[in-house]
Each structure stands twice: as structure tokens, then as C-alpha cells.
**Student:** 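Once you've had a glance at the structure underneath, I'll fire off some questions.
Chain naming here is simple, since letters A, B, ... match the order of the sequence lines and numbering starts at 1 in each.
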Protein chains: 2
Amino acid sequence: MESPKSDRAKEMEAALRRDGVRLTRQRAALLEVLGDAEDHPDANELHRRAKGLDETVSLATVYRTLSVLEAQGVIHRHAFEGGGARFETADSPHHDHIIDLDTEEVIEFRSEKIERLQAEIAAELGYDVVHHRLELYCRKAPEK
Amino acid sequence: MESPKSDRAKEMEAALRRDGVRLTRQRAALLEVLGDAEDHPDANELHRRAKGLDETVSLATVYRTLSVLEAQGVIHRHAFEGGGARFETADSPHHDHIIDLDTEEVIEFRSEKIERLQAEIAAELGYDVVHHRLELYCRKAPEK
DNA sequence: AATGCAATTGCGAATTATTCTCATGTAATA
DNA sequence: TATTACATGAGAATAATTCGCAATTGCATT
């Protein structure tokens, strides 16, 4: 029994087709892996997982494809502190991140208020926000 | 006529002395350069400037010293998008950054409200914020 | 001022994350 | 299924940073 292609992977494939991006065996494998990921893996980890679906994917292609996918807007690239870039699919609405300093785990959150304040602050200084980065490096609060 | 040692450099030297950190010729040069900097230079640029005061400073020592200074808390290290780390003295109160995407220029700002919201959000999820990173990547707003 | 030694330095080699080169392979179209 | 422009794998190249080591040097103590 084959693992069925995830819906997220299928949606990403469709998006790429719409833009005339070629769908290679290697790209399909990476899309599958990205679609299944519930975490925020780095290029190396994605390569490791992708090889499970297709022996032939090279790390160079993982990097190349990640750049393509990012340019197409189907994934987001994050550069958290320490180590390399980490990736996630772009299908969920915008959010920022909490990074657990002890576990490296990434938790997503969203604050309309903060978004609004950011735009206001930039506007006051004569700027438009193109994109932003808000990361809270945290530790579990002691039980009370 | 010698350029007089900047006050900020002197303060940083005092802080290091207090903690028993040795003040070498090379470190003094770097402190001087950091004290004079009005921008957010990277290691390479700091090395270039430091060589103007002391021919002998090597890039390796710049990196080593920056790590020492960061550990002592007298400078902050920032990893903005693209390129390497950039540094600034830690004497000004906490602030976040706007990065002008066209000029690479860095503008500092501060929002009590955003700080408060961040802490609230983390607390709701059971976390304490150790530190955070808020960067607005911006373009100059069109004149109205 | 001379001494002693652990901390610091410069140099170049090593590392890490990522990108590039180029000869070969292949997806999409006709 | 032939064409061809685009994608790929392997490994070299790059960029930022760190490391190993032998030589130097702050600085506390004579």
C-alpha cells in the first residue's frame, strides 16, 4: 500500500502547474514531504525525509526546489536563531512564532493587534511594511 | 592630534575590567570603533575600521572579541535577513528594528504596547519570553 | 622594572550552510 | 516519440564563522 498523496501536496502541485513550473519526480517527493510536515524542518531534514520517497533526490535539488517554492509563494522560509533556514507550507494564514529555547520546538501564534501596531509604527516613520519577522524565544513558565 | 577615546568605549572598557576581562590593544581598537559607530556594522566592516586604529587586528580576533563582548552584554548581535550578523553597542534602551529594503539602513523604534502584547501572548501559551526579535522590512511609503 | 603564566593573538585550516558549474537526464509539448 | 528547454546529481566553490596551534602579551606579583 502506497501512502496516498497528501492534499496539501496536491494543492501545491496545482499551484506550480498554474505557473508553468515543471513537476519533476524530485519536486513531487519534496512537496509530499513538505505537505506532511507538522514541524518546521531545515533543508537537511527535508532531504533526509525526501530520500525516503525517492532515493535520487540530492541536497542541491532540495535547496534549488525550496527556492523555487518560496518564489512561487507555496512555502515560507524562516531564519530562526542558530543553525540554518527552516521551512513550512504557506497554506495557513499569516502567523508569527514562539521558539522554545529548550526543545527547539516552534509554536505558531497570531495577533491582529500586533500586526496593526507594526503598520502604524512604520507609517509614522514614513515606511510601508513589506514583511516582518516576530519571534519570541521562550522557556516554559514555571508552574504556579 | 589623536582622536580622543569615546565615552562609550571608555564605559565598555570599565565594564570589562569589572568582570576581569583583559584589555588588549586589539580589543581597545574594536571598542573604540564600536563606540563611534552610528550604524549597525557587520564583522567585516568592524575589522576594516579597527585596522585604521591598529594594523594588527585580525578578522579572527574581531569575531572572538565580538563574542566576548556579547557574552559580557556590552554589545548586541543581530541577524537580519541576508548577509551576516550585525552589531551595536548595548548602551541604549531596548528597541526593535526597521530595515529599509532598498538601502539596508536600520532604523530603531520602540513600542511599549507591542512588548506588553508579546508577554501576554507567551503567557497564555505557558511561556516566559527570554528575548525576542521584531524586524520590519520596509520600503519608503510613496509621498501622498 | 623584571617575572611568570594563563589569556590572547595571527595565521591558515576547518566547518557549516548554501550556491554554482557542467555534463547528463527528462517533463511537457507538438 | 521527437524535441528542447529546463532540471538534475556530483562535487567544487563561496561566505560567514570558528578552530588549532605556536608565538605573544596583559597584568598581578615580586
**Student:** Considering residues at least two apart in sequence or located in another chain, which fulfil the ring pair (Phe, Tyr, Trp, His ring centres under 6.0 Å) criterion with His40(B)?
**Tutor:** His97(B)

**Student:** So what is the end-to-end bend of the helix from dA1(C)-dT30(D) to dA30(C)-dT1(D), with 5 pairs used at each end and the value given to 10 degrees?
**Tutor:** 40°

**Student:** Has the side chain of Glu32(B) got a donor or acceptor atom that lies under 3.5 Å from a matching backbone atom of Ser6(B)?
**Tutor:** yes

**Student:** Please list, pair by pair, any protein nitrogen or oxygen found under 3.5 Å from a nitrogen or oxygen in nucleotides 11-18 of chain C.
**Tutor:**
from, atom 1, to, atom 2, distance (Å)
dT18(C), OP1, Ala85(A), N, 2.9
dT18(C), OP2, Tyr63(A), OH, 2.5
dT18(C), O5', Tyr63(A), OH, 3.4

**Student:** Pick from Asp36(B), Leu30(B), Val33(B): which one makes a side-chain contact (heavy atoms from CB on, under 4.5 Å) with Leu53(B)?
**Tutor:** Val33(B)

**Student:** Please determine whether a side-chain nitrogen or oxygen atom of Gln26(B) lies at a distance below 4.0 Å from atom OP1 or OP2 of dG26(D).
**Tutor:** no

**Student:** Using whole Å, report how far CZ of Arg25(B) lies from C1' of dA7(C).
**Tutor:** 15 Å

**Student:** Roughly, in whole Å, what's the span from CD in Gln72(A) to P in dA7(D)?
**Tutor:** 10 Å

**Student:** Between dT8(D) atom P and Leu30(A) atom CG, what is the distance in whole Å?
**Tutor:** 10 Å

**Student:** Any side-chain donor paired with an acceptor under 3.5 Å for Arg64(B) and Ser67(B)?
**Tutor:** no

**Student:** Taking CD in Glu104(B) as the centre, count heavy atoms belonging to other residues, nucleotides or ligands within less than 6.0 Å. Is the count above 12?
**Tutor:** no

**Student:** Check whether Leu69(A) and Val57(A) end up in the same hydrophobic cluster, where Ile, Leu, Val, Met, Phe, Trp and Tyr are linked by side-chain heavy atoms less than 4.5 Å apart.
**Tutor:** no

**Student:** Are there any protein N/O atoms within less than 3.5 Å of an N/O atom in nucleotides 28-30 of chain C, and if so, which ones and at what distance?
**Tutor:**
from, atom 1, to, atom 2, distance (Å)
dA28(C), OP1, Leu23(A), N, 3.0

**Student:** Starting at atom CG of Asp54(A), determine the distance to atom P of dA27(C), rounded to an integer number of angstrom.
**Tutor:** 11 Å

**Student:** Round to a whole Å and report the spacing from CD of Glu55(A) to P of dG25(C).
**Tutor:** 19 Å

**Student:** CG of Leu16(A) versus P of dA27(C): gap in Å, rounded?
**Tutor:** 15 Å

**Student:** Mind listing the closest non-hydrogen atom pair of Leu66(B) and Ala43(B) along with its distance?
**Tutor:** CD1-CB, 4.1 Å

**Student:** Identify all side-chain donor-acceptor contacts of residues 117-128 of chain A below 3.5 Å with residues at least two apart in sequence or on another chain.
**Tutor:**
from, atom 1, to, atom 2, distance (Å)
Gln118(A), OE1, His132(A), ND1, 3.2
Tyr127(A), OH, Asp100(B), OD2, 3.2
Tyr127(A), OH, Lys140(B), NZ, 2.9

**Student:** Once rounded to the nearest 0.5 Å, what's the spacing between atom CG of Leu136(B) and atom CG of Asp96(B)?
**Tutor:** 7.5 Å

**Student:** Within this structure, what is the CZ-to-P distance between Arg27(A) and dC6(D), rounded to whole angstrom?
**Tutor:** 11 Å

**Student:** Can you list the residues that meet the salt bridge (charged side-chain N to carboxylate O under 4.0 Å, His left out) rule with Asp39(A), with sequence neighbours excluded?
**Tutor:** Arg49(A)

**Student:** Decide yes or no on side-chain hydrogen bond (donor to acceptor under 3.5 Å, both in side chains) for His95(A) and Glu88(A), but give the supporting numbers first.
**Tutor:** CA-CA 12 Å; His95(A) 54 257; Glu88(A) 67 176 320; 3.1 Å; yes

**Student:** Take atom CZ of Arg18(B) and atom P of dC27(D), then tell me their distance rounded to the nearest Å.
**Tutor:** 15 Å

